[in-house]
Amino acid sequence: MSADVNRGNRPRSPHLQIYRPHILMVSSILIRITGNGSTVGMLLVLWWMLAAAAGPEVYAAHSAWLFGWWLSYIVWFGVIWALWYHMLGGIRHLVWDEAIGLELDTAEKLGWAIVIGSVIGAVLTSVLLLIF
Amino acid sequence: MSYQTDRKRAAGKGSLAHGAEHQLEVTYSSYAMATLVVLFLFRIAPLMGQDYDALVEGLTKPFNFVIAGLFVVSTTYHWRFNIKKVFEDYVPKGFDFGGMIVTTMLGWFFCGLGLFALVKILIASMIG
């Protein structure tokens, strides 16, 4: 039996016009935004790999685009933050799948933890990558 | 009393009669990604932006090469399943099915592209 999902009439998730913003809503929305950010990162990594596979001259030309100017630093920092946020949010989801941390108070703390943790992780990773 | 496993009893249920399998596929790839993202950030990302010879030498080290390959496979697999969710939630009915087919094919294409690039870099390093 196929499921009757009736997608034509149901409201779009996550009902921004109904509920006031709170940390669980914001952290959930950020999971989707950082998922899209990670998609950009995936495409950039593929670009980098293909440029390297094409040989030294092609790699040098594309490397200047990928790493050699101010906007690339901003984009890569965004990708690194998106990766950290999406990973920590995913780990939170795996924890919730085990029915752990579902109490409202704990869930809100987890929401703040992934926001703060992702910023710290992204800054530390970026600094380490710039140093080494 | 049912002798079926929990997984078998859940199979075929949920959204589009595939929700239970989708949940498991995303869960398994999430466990892989949680490990591979950290390894990628600390083993492969430092190679990005380096000159060509240093990049090839670093990327073709056995451990790094395996990490990069697994990262490509796992990322495109995870992407393929989660992009379905985006289509279900945000794309109007009528466009969603075709979109899901296109993104599924794109997922396989990106995976093949990444693995092709890695193998080509490895062969180039062996030839010199």
Side-chain angles (χ1 to χ4, degrees), chain A residues 1-10 12-14 31-32 35-36 38-39 41-60 63-64 66-68 72-73 76 79-80 83-84 86-91 93-94 97 121-122 124-126 128-132, chain B residues 12-19 23 26-27 29-31 33-38 40-42 44-53 55-56 59 68 71-72 75-76 78-79 82-83 85-86 88-94 96 107 110-111 113-124:
Chain A
M1 191 180 83
S2 64
D4 178 18
V5 289
N6 191 24
R7 258 180 281 158
N9 298 325
R10 68 185 187 183
R12 292 280 179 235
S13 172
I31 289 278
R32 296 203 169 199
N36 289 303
S38 300
T39 300
M42 179 182 81
L43 295 175
L44 288 173
V45 169
L46 281 175
W47 180 2
W48 169 70
M49 282 180 177
L50 287 167
E57 292 83 16
V58 176
Y59 175 74
S63 203
L66 283 166
F67 310 108
S72 65
Y73 287 95
W76 282 112
V79 166
I80 290 168
L83 273 176
W84 270 106
H86 204 74
M87 183 185 68
L88 292 174
I91 291 170
H93 208 296
L94 294 173
D97 282 349
L124 282 177
T125 308
S126 302
L128 286 172
L129 289 173
L130 284 173
I131 292 172
F132 300 106
Chain B
K13 296 186 171 67
S15 175
L16 296 174
H18 189 69
Q23 166 72 12
V26 173
T27 301
S29 59
S30 294
Y31 278 112
M33 290 302 295
T35 313
L36 287 168
V37 164
V38 176
F40 183 87
L41 284 174
F42 291 100
I44 310 299
L47 302 172
M48 301 173 94
Q50 291 198 12
D51 64 66
Y52 184 77
D53 292 335
L55 156 70
V56 171
L59 198 58
F71 185 78
V72 166
T75 305
T76 50
H78 193 73
W79 178 81
N82 278 320
I83 207 77
K85 203 183 294 178
V86 173
E88 283 178 10
D89 286 353
Y90 300 113
V91 177
K93 201 169 183 180
D96 52 354
F110 290 148
C111 183
L113 216 54
L115 293 178
F116 166 77
L118 281 173
V119 171
K120 195 160 183 283
I121 292 166
L122 181 67
I123 292 170

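Below, all heavy atoms of this structure are taken into account, side chains as well, without hydrogens, waters or symmetry copies. Every chain is numbered from 1 and lettered A, B, ... according to where its sequence line falls, protein lines coming before strand lines.
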Side chain / backbone / both / neither for [X] at chain A, heavy atoms under 4.5 Å:
X: Asp51(B); answer: backbone
X: Ala34(B); answer: both
X: Val56(B); answer: neither
X: Leu41(B); answer: both

Is there a side-chain contact between [X] and [Y] in this structure, where contact means two heavy atoms from C-beta onward sitting under 4.5 Å apart?
X: Met87(A); Y: Val38(B); value: yes
X: Met48(B); Y: Val45(A); value: yes
X: Trp84(A); Y: Val37(B); value: no
X: Ile44(B); Y: Trp48(A); value: yes
X: Leu113(B); Y: Met49(A); value: no

Checklist line | Closest approach of Gly49(B) to Ser63(A) (non-hydrogen atoms, all atoms of both residues) | finding: CA-OG, 4.4 Å
Check: If you look at every heavy atom in Ala52(A) and Leu55(B), which pair is closest and at what distance?
Finding: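 Of all heavy-atom pairs spanning Ala52(A) and Leu55(B), the closest is CB-CD2, 3.4 Å.
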Euclidean distance, [Y] [atom2] relative to [X] [atom1], rounded to 0.5 Å:
X: Leu43(A); Y: Trp79(B); atom1: CG; atom2: CH2; result: 7.5 Å
X: Leu50(A); Y: Phe116(B); atom1: CG; atom2: CZ; result: 8.0 Å
X: Phe67(A); Y: Gln50(B); atom1: CZ; atom2: CD; result: 10.0 Å
X: Leu46(A); Y: Phe110(B); atom1: CG; atom2: CZ; result: 7.0 Å
X: Thr39(A); Y: Ile83(B); atom1: OG1; atom2: CD1; result: 5.5 Å
X: Met33(B); Y: Ser38(A); atom1: CE; atom2: OG; result: 7.5 Å

Next item on the list: Between chain B and each of Ile91(A), Asn36(A), Leu94(A), count heavy-atom pairs under 4.5 Å; write down the option with the most.
Entry: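 Heavy-atom pair counts peak at Leu94(A).
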Margin query: Can you tell me which of Ser72(A), Gly68(A), Gly55(A), Ala53(A) forms the most heavy-atom pairs within a distance under 4.5 Å of chain B?
Written below: Ala53(A)
Notebook entry, point to check: Contact part of Ala64(A) toward chain B, heavy-atom cut-off under 4.5 Å: side chain, backbone, both or neither?
Noted result: neither
